[in-house]
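What follows is a set of notes on a single structure, which appears directly below.
Just so you know, these numbers use all the heavy atoms, side chains as well, and skip hydrogens, waters and symmetry mates.
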Amino acid sequence: VQLQASGGGLVQPGGSLRLSCAASGGIFSGHAMAWYRQAPGKQRELVAAMSARGNTNYADSVKGRFTISRVHANNTVYLQMNSLKPEDTAIYYCNGLYTRWSWGQGTLVTVSS
């Protein structure tokens, strides 16, 4: 399975972005999926996760601002990010929560005025 994250960019504080993650080479509809991020000089961290049944969990830092969703029919996972803060600046990746595939390049989100 190859995962391609997209949708990042430069946004002002308080703005919104919607990230997408498409899977090729296989399907992940039976797997829990997650979004991760890695800020400069920091370790990669879990941001949001969704089980195959649709249960969700979020890092405390993004609760109430980020929403993870998925569309099984087209093997895509989304991350809606609202009320963005400068500390959300990072490269965002998607991957399985328990089953890990190749990380891919991720998509860069920069929150700055």
Side-chain angles (χ1 to χ4, degrees):
V1 176
Q2 294 184 351
L3 303 168
Q4 180 63 50
S6 62
L10 173 64
V11 63
Q12 292 186 342
S16 298
L17 283 174
R18 188 192 193 205
L19 306 184
S20 300
C21 176
S24 61
I27 59 174
F28 57 67
S29 61
H31 297 274
M33 295 298 298
W35 283 95
Y36 304 81
R37 69 184 180 187
Q38 186 167 18
K42 296 187 177 181
Q43 290 188 336
R44 187 175 291 154
E45 64 174 349
L46 177 65
V47 174
M50 175 175 269
S51 70
R53 293 186 175 185
N55 297 318
T56 59
N57 278 294
Y58 298 92
D60 288 342
S61 60
V62 306
K63 279 182 181 177
R65 300 188 297 120
F66 290 12
T67 303
I68 186 173
S69 60
R70 62 194 296 173
V71 177
H72 293 274
N74 60 8
N75 293 319
T76 303
V77 179
Y78 301 96
L79 185 68
Q80 178 67 44
M81 306 187 296
N82 299 327
S83 302
L84 283 162
K85 304 176 181 180
E87 52 263 41
D88 295 318
T89 295
I91 299 174
Y92 285 72
Y93 305 84
C94 67
N95 213 320
L97 181 61
Y98 304 115
T99 299
R100 299 287 175 80
W101 299 285
S102 174
W103 280 101
Q105 293 185 343
T107 186
L108 176 63
V109 173
T110 303
V111 185
S112 176
S113 56

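Between Val11 and Ser16, the closest side-chain pair of non-hydrogen atoms is not below 4.5 Å. Two residues are said to be in side-chain contact when any heavy atoms from C-beta on lie closer than 4.5 Å; Leu17 and Phe66 fail this criterion. A 4.5 Å side-chain heavy-atom check between Arg65 and Met81 finds every atom pair outside the cut-off. With contacts defined as side-chain heavy-atom distances shorter than 4.5 Å, the pair Leu97/Asn57 does not qualify. In this structure, Gln80 and Arg18 have side chains that are in contact, with non-hydrogen atoms separated by less than 4.5 Å. Side-chain atoms of Ile91 and Tyr36, non-hydrogen and from C-beta on, never get closer than 4.5 Å to each other. Taking 4.5 Å as the limit, every side-chain heavy atom of Arg70 sits out of range of all side-chain heavy atoms of Cys94.
Here the straight-line distance linking atom OG1 of Thr99 with atom NE2 of His31 works out to 5.0 Å at 0.5 Å rounding. Distance CD/Gln4 to OG1/Thr107: 8.0 Å, rounded to 0.5 Å. Here Cys21 contributes atom SG and Met33 contributes atom CE; the two are 5.0 Å apart, rounded to the nearest 0.5 Å. To the nearest 0.5 Å, atom OG of residue Ser112 and atom CG of residue Asp88 are 12.5 Å apart.
Sequence neighbours left out, the pairs with a member in residues 49-63 that pass salt bridge (Lys or Arg N to Asp or Glu O under 4.0 Å) are Asp60-Lys63.
In this structure, the side chain of Ser113 does not engage the main chain of Gln12 through any donor-acceptor pair within 3.5 Å. Between the Tyr78 side chain and the Thr67 main chain, no donor and acceptor come within less than 3.5 Å of each other. Side-chain N or O atoms of Asn95 include one that pairs as donor or acceptor with a backbone N or O of Trp101 at under 3.5 Å.
Residues Arg37 and Ser61 come closest through the heavy atom pair NH2-OG, 3.4 Å. When all heavy atoms of Ala5 and Trp35 are compared, the closest pair comes out as CB-CZ3, 4.0 Å.
Follow the hydrophobic side-chain contacts under 4.5 Å out from Ile68 and you never reach Tyr98; the two are in separate clusters. In terms of hydrophobic clustering, with Ile, Leu, Val, Met, Phe, Trp and Tyr side chains grouped at heavy-atom distances under 4.5 Å, Tyr93 and Leu3 are assigned to different clusters. When the side chains of ILVMFWY residues are joined at heavy-atom separations under 4.5 Å, either directly or via intervening members, Leu108 and Leu19 end up in two distinct hydrophobic clusters.
Environment of CD in Glu45: crowded, with over 12 heavy atoms of neighbouring residues, nucleotides or ligands closer than 6.0 Å.
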